[in-house]
2 protein chains.
Amino acid sequence: MDNYSIDDIDYRILQYIIEDSRLTQKEIGEKIHMTGQAVGARIRRMRELEIIEGYTVRWNPQKLGQNIHAFITVFLSSNKVHPPFQKFAQEHVNVAELHRVSGEGCYWMRVYAKDQEELSTFLDLLLEFGNYRVNLGMGKLK
Amino acid sequence: MDNYSIDDIDYRILQYIIEDSRLTQKEIGEKIHMTGQAVGARIRRMRELEIIEGYTVRWNPQKLGQNIHAFITVFLSSNKVHPPFQKFAQEHVNVAELHRVSGEGCYWMRVYAKDQEELSTFLDLLLEFGNYRVNLGMGKLK
DNA sequence: CGAGAATCCTTTCCGGGTGAAAGCAGATCT
DNA sequence: AGATCTGCTTTCACCCGGAAAGGATTCTCG
């Protein structure tokens, strides 16, 4: 693979910025005994290698009225519906994350919705493509 | 709930920083016709309301040698094992995310592992607490 | 209605973080 | 040994972020 080029120092820096990407390079540098500039150069390199893909925030869906957090496994009914399903899921605002997973015609996705009704509406649309199994998130532990 | 205090401008700002949290306040301000300082004040407020929980980074597990991405649903065998299971999952490095989900004794978790062997070792430990269903991620689509 | 308060914006200003450039030290190769 | 490469430190200029002050608009209550 192409994971040859990261060393232990890079890895420690990455842990710090996964935890809090607004730590300054200088602060990280103090933890690992380096100047901020050296840390900055390593971070830049990890971005170029696409180990770091981008910067984002952790946000709270509930505080935005997204009270439903559903983990859905989808079983497509035929091979023909893969393309339209992918398009559907990628464009639908309720779908926060989508993966191809092992198993016949299987996808996994994370869905946020305002309430049960919005989820129902979504599931109705989903039925066009195949069956599904839903698990509702009841609390994040990690 | 307590989602009364976010307006449409806040929401747009949030979309921008979810997409890229390193956009400057000034850049965001230009998009929505505001000064950077005003944007900064709104972001600060969203942090105080804990709508924004923290800053982090999107990273690529594969480039770090984490070639296995598993979605695991866990069915605990008895009520007694909830506490030890939670402790186990929270402390185990392979577990990247953990949620309580609907259903009897159910949890959902995201697990990264270097290879099949590391996953097997993990699953062996998991068996101590109950049964599980594993789906392996084959490609992220969204 | 009108005065005061509250809210939220803009302007101004300072501290300091970021990234570029240059210089240096240690490792590697011939 | 000499050349080269890599990765660190130092220095420096730019500009971002946050605080403070001032102004416009809306809200509140006598």
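Lettering of chains follows the sequences in order, A, B, ..., and the numbering in each one begins at 1.
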Undergrad: Would B:Phe122 and B:Phe88 count as a close aromatic pair, with their ring centres under 6.0 Å?
TA: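 Yes, the ring centres sit under 6.0 Å apart.
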Undergrad: Can you check the B:Ile28 CD1 to D:dC16 P distance for me, whole Å?
TA: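 B:Ile28 atom CD1 is separated from D:dC16 atom P by 12 Å.
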Undergrad: Any donor-acceptor pair under 3.5 Å linking the side chain of A:Lys142 with the backbone of B:Ala89?
TA: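 Between the backbone of B:Ala89 and the side chain of A:Lys142 there is a qualifying donor-acceptor contact (under 3.5 Å).
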Undergrad: Within the structure shown, what part of the strands sits under 4.0 Å from B:Arg45 by heavy-atom distance: base, sugar-phosphate, or nothing?
TA: nothing
Undergrad: Find the distance B:His33:NE2 to C:dC9:P and express it as a whole number of Å.
TA: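 Going from B:His33 (NE2) to C:dC9 (P), I get 12 Å.
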Undergrad: May I have the distance from A:Ile43 (atom CD1) to D:dG7 (atom C1'), rounded to whole angstrom?
TA: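 These atoms are roughly 15 Å apart.
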Undergrad: Write down the protein N/O and nucleotide N/O pairs, taken from nucleotides 11-15 of chain D, whose separation is under 3.5 Å; answer none if there are no such pairs.
TA:
| from | atom 1 | to | atom 2 | distance (Å) |
| --- | --- | --- | --- | --- |
| D:dT11 | O4 | A:Gln37 | NE2 | 2.9 |

Undergrad: Examine C:dA20: is either OP1 or OP2 under 4.0 Å from a nitrogen or oxygen in the side chain of A:Arg44? Give yes or no.
TA: yes
Undergrad: Is the Lys NZ or Arg CZ of B:Arg100 less than 6.0 Å from the centre of B:Tyr107's six-membered ring, within 45° of the axis?
TA: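 Flagged: B:Arg100 positioned over aromatic ring of B:Tyr107.
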Undergrad: Is the distance from the ring center of A:Trp59 to that of B:Tyr11 below 6.0 Å?
TA: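 Between B:Tyr11 and A:Trp59, which both carry aromatic rings, the centre distance is not below 6.0 Å.
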Undergrad: Would you kindly give the CG-to-C1' distance between B:Asp7 and C:dC8, to the nearest whole Å?
TA: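 Distance, rounded to whole Å: 11 Å.
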Undergrad: Angle class for the B:Phe85/B:Phe129 ring planes (parallel below 30°, perpendicular above 60°, tilted otherwise)?
TA: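 Ring orientation, 0 to 90° scale: perpendicular.
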Undergrad: Would you call the rings of A:His69 and B:His99 parallel, tilted or perpendicular if under 30° counts as parallel and over 60° as perpendicular?
TA: perpendicular
Undergrad: Less than 4.0 angstrom between a side-chain N/O of B:Arg22 and OP1 or OP2 of C:dG19, yes or no?
TA: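 Yes, because at least one side-chain N or O of B:Arg22 sits under 4.0 Å from OP1 or OP2 of C:dG19.
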Undergrad: Whole angstroms only, please: what is the CD-C1' distance between B:Glu30 and C:dT10?
TA: 15 Å
Undergrad: Would you say B:Thr35 places a side-chain N or O within less than 4.0 Å of OP1 or OP2 belonging to C:dT10?
TA: yes
Undergrad: Quick one: is A:Arg42 getting a side-chain N or O under 4.0 Å of the D:dC8 phosphate, OP1 or OP2?
TA: yes
Undergrad: Considering only D:dT9, D:dG17, C:dC9, which nucleotide approaches the side chain of B:Gln25 most closely?
TA: D:dG17
Undergrad: Do the side chain of B:Thr56 and the main chain of A:Ser21 share a donor and acceptor less than 3.5 angstrom apart?
TA: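 Here the side-chain-to-backbone pair does not exist.
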Undergrad: Using whole Å, report how far CE of B:Met34 lies from C1' of C:dC9.
TA: 8 Å
Undergrad: Without decimals, in angstroms, what is the distance between A:Tyr55 OH and D:dC16 C1'?
TA: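 Value for this atom pair: 16 Å.
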Undergrad: Can you tell me the distance, in whole Å, between the CE atom of B:Met46 and the P atom of C:dC8?
TA: 13 Å
